[in-house]
2 protein chains.
Amino acid sequence: MATRVEPEAGPRSKRAAILAAAVDCFGETGFEATKWSTVAERVGIGQTALYHYFESKTHCLLTIMRLELQRSHDKFSETTADVTDPVEALRAAVRAAYDVSDHEILQMRILHNHMDLLSGPRKSKREEAERVEARQLVQLVERDWTNLLVRGMSQGVFPLRDAQLLGAGVLGLIVSVWRWYRPSGPTPLSEISDLIEGACVRMVAT
Amino acid sequence: MATRVEPEAGPRSKRAAILAAAVDCFGETGFEATKWSTVAERVGIGQTALYHYFESKTHCLLTIMRLELQRSHDKFSETTADVTDPVEALRAAVRAAYDVSDHEILQMRILHNHMDLLSGPRKSKREEAERVEARQLVQLVERDWTNLLVRGMSQGVFPLRDAQLLGAGVLGLIVSVWRWYRPSGPTPLSEISDLIEGACVRMVAT
DNA sequence: AAACTGAATTGAACTTGACTCAAGTTGATC
DNA sequence: GATCAACTTGAGTCAAGTTCAATTCAGTTT
């Protein structure tokens, strides 16, 4: 496990502040709709100072996406590591997917609203580096879910099916929520979590 | 049911050609990545001629989205109209959702990659009109699925659950495919359709 | 303390691509 | 062949992202 070192070292670096502000702006206003200069304003620096930390607005977006993917994968691993029963592991994984802060909800929204960015190659070096890394993390997360299903199937707990396809389905079902969910909305996240948890179990274990 | 009259009347109108070209470009290259002028080129007209038909690039996108939503709703209605058994209706609806041409696949991709556009209001009149109409169609499609579930639940065929939330889940699961599916990919759409059909039935009817 | 260093920051100019406008062309109809 | 609406264009404007050379700042060396 080579843990990446985020370049946030310098004590007067505003990288973290920029990322936080960008998540707020991109998440609430939308990536295209938010002016890059607005992010600078919110941090309290000039527009051009942003380019000291990120090569472009898109580079910042890709970084946010990669960080969120990393977080998702890590949380999945932590949560399911010590659960042997496949059904319980599945339940725990779904619950973990919805055990998130408001800020993380925004990151989810940003991530899934811009997944298409990961398909085509980018022109600049650093953007492309982030894209490739994010792309790999997507595959890693997909494999996380596939493996969970494979484990259950080989134990005879889940009926045999195309684990990869079904895993994509489960994952798709879970993340589809971030398209429409708003913390201010009428349905509490806990209720959603419960319903999706049940749905996933039925989908996989029936 | 007031059926909208698409302004494609004039015999030398290139509106349909523009829409078709835009679907190809936006679907393959992505909306942001494709230059508006490229669409004009592909149709064989000057860039400014586009503005005779669409107020803006975004207006064209919103129109594509609305048309696709209309198509989805119509297809759902046609398919489920004469099926009384809820389980069979559900199966038929899922199958219909994946019974699409290559061009329609692109439209799906475009639609679901830009759903977020429908949340915030637009500045210009015609864009806003398309947005509102699309927004209503989204709700209509959601209601289509919810009603299908409600019908099954009240008949005692489906266990009682939050039909609206479960409907959103089913719909989310189905459309999540358009994020990653490519006709050139390894998995044929028929296989995906079968797996999702089964998954939906288990999710809802178990 | 003065000199030095690299990180951080800035204002002004540049680039790109969406969009506007005034003027022109085309084709159906009378 | 005159008229009118639909359609098309060239020559621009404008907004927002980006580049770059010059500058400030904080910490380190001498």
Side-chain angles (χ1 to χ4, degrees), chain A residues 5-22 25-26 29-64 110 114 117 120 122-131, chain B residues 5-22 25-26 29-64 110 114 117 120 122-131:
Chain A
V5 179
E6 293 296 333
E8 299 166 20
R12 95 191 140 107
S13 166
K14 281 174 182 136
R15 204 183 117 99
I18 293 171
L19 280 170
C25 292
F26 296 170
T29 319
F31 175 70
E32 306 299 340
T34 71
K35 292 183 218 169
W36 200 203
S37 60
T38 304
V39 176
E41 246 174 60
R42 190 172 295 205
V43 176
I45 57 178
Q47 322 184 27
T48 46
L50 293 170
Y51 292 91
H52 182 71
Y53 300 97
F54 298 100
E55 203 173 17
S56 65
K57 192 184 169 192
T58 306
H59 179 220
C60 178
L61 172 64
L62 285 164
T63 303
I64 291 171
I110 293 168
H114 298 92
L117 259 188
R122 303 260 93 211
K123 291 188 177 167
S124 84
K125 274 280 160 58
R126 296 169 68 195
E127 274 184 23
E128 178 64 5
E130 288 286 13
R131 186 190 73 88
Chain B
V5 179
E6 292 297 333
E8 299 165 20
R12 97 190 139 106
S13 167
K14 280 168 184 144
R15 204 184 119 98
I18 292 171
L19 280 170
C25 291
F26 296 170
T29 318
F31 175 71
E32 306 300 340
T34 70
K35 293 183 216 167
W36 200 203
S37 60
T38 303
V39 177
E41 245 173 63
R42 192 172 292 205
V43 176
I45 57 176
Q47 320 184 22
T48 44
L50 293 170
Y51 291 92
H52 181 71
Y53 301 96
F54 297 101
E55 201 172 17
S56 66
K57 193 184 168 190
T58 306
H59 178 221
C60 177
L61 173 63
L62 285 165
T63 303
I64 291 171
I110 295 167
H114 298 94
L117 259 188
R122 304 260 92 211
K123 293 189 176 167
S124 84
K125 274 278 160 58
R126 296 169 68 196
E127 276 184 22
E128 179 63 6
E130 287 287 12
R131 187 190 74 86

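- B:Arg126 has its CZ atom 14 Å from the C1' atom of C:dC19, to the nearest Å.
- In this model, the phosphate group of C:dT9 is approached by a side-chain N or O of A:Lys14 to a distance below 4.0 Å at OP1 or OP2.
- Among the atoms of the strands shown, none is found under 4.0 Å from any heavy atom of A:Thr58.
- Atoms CD (A:Glu32) and P (C:dA18) sit 12 Å apart, rounded to a whole Å.
- Residues passing the side chain to side chain donor-acceptor pair (under 3.5 Å) test with B:Ser56, sequence neighbours excluded: B:Glu127.
- Contacts of B:Ala20 classified as side chain to side chain contact (heavy atoms under 4.5 Å, CB included), with partners at least two apart in sequence or in another chain: B:His103.
- With sequence neighbours excluded, the residues satisfying ring pair (Phe, Tyr, Trp, His ring centres under 6.0 Å) with A:Phe31 are A:Phe26, A:His114.
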Strictly under 3.5 Å: I want the nitrogen or oxygen pairs between protein and nucleotides 24-26 of chain D, one per line.
none

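- Taking a 4.0 Å limit (strictly below) on heavy-atom distances, residues 41-51 of chain B reaches DNA chain D at B:Ile45, B:Gly46, B:Thr48, B:Ala49.
- Of all heavy-atom pairs spanning A:Ala21 and A:Arg42, the tightest one is CB-CD, 4.1 Å.
- Here the C1' atom of nucleotide D:dT9 and the CH2 atom of B:Trp36 are 17 Å apart, to the nearest Å.
- For A:Arg15 and C:dA8, the CZ to P distance is 11 Å, given to the nearest whole Å.
- Nearest approach of A:Val43 to A:Ile18, heavy atoms of both residues: CG2-CA, 3.8 Å.
- Distance CD1 (B:Ile18) to P (D:dA6): 16 Å, rounded to an integer number of Å.
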Every protein N/O lying under 3.5 Å from an N/O of nucleotides 13-16 of chain C:
none

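- At the heavy-atom level, B:Thr34 lies under 4.0 Å from the strands shown only through sugar-phosphate atoms.
- For the pair A:Tyr53 OH and D:dT18 P, the interatomic distance rounds to 18 Å; values are reported in whole Å.
- What you find for A:Phe54 and A:Arg15 is that their closest heavy atoms are CE2-NH1, 3.7 Å.
- Annotation for B:Thr29 and B:Ala33: closest pair O-CB, 3.3 Å, computed over non-hydrogen atoms.
- For B:Lys57 (side chain) and B:Thr34 (main-chain N/O), a donor-acceptor pair under 3.5 Å exists by modelled atom type.
- Rounded to an integer number of Å, the gap from CZ of A:Phe54 to C1' of C:dT9 is 16 Å.
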**Q.** Check against salt bridge (Lys or Arg N to Asp or Glu O under 4.0 Å), A:Lys125 and A:Glu128
**A.** CA-CA 5 Å; A:Lys125 274 280 160 58; A:Glu128 178 64 5; over 6 Å; no

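- Note that CD1 of A:Ile110 is 7.0 Å distant from CG of A:Leu61, once rounded to the nearest 0.5 Å.
- The phosphate of C:dT9 has neither OP1 nor OP2 within less than 4.0 Å of any side-chain N or O from A:His52.
- Contact record, A:Ile64 with A:Ala22: CD1-CB, 3.8 Å, taken as the closest heavy-atom pair.
- Nearest heavy-atom pair across B:Leu117 and B:Arg131 is O-CD, 3.7 Å.
- Protein atom CD of B:Glu127 is 13 Å distant from nucleotide atom P of C:dA18, rounded to whole Å.
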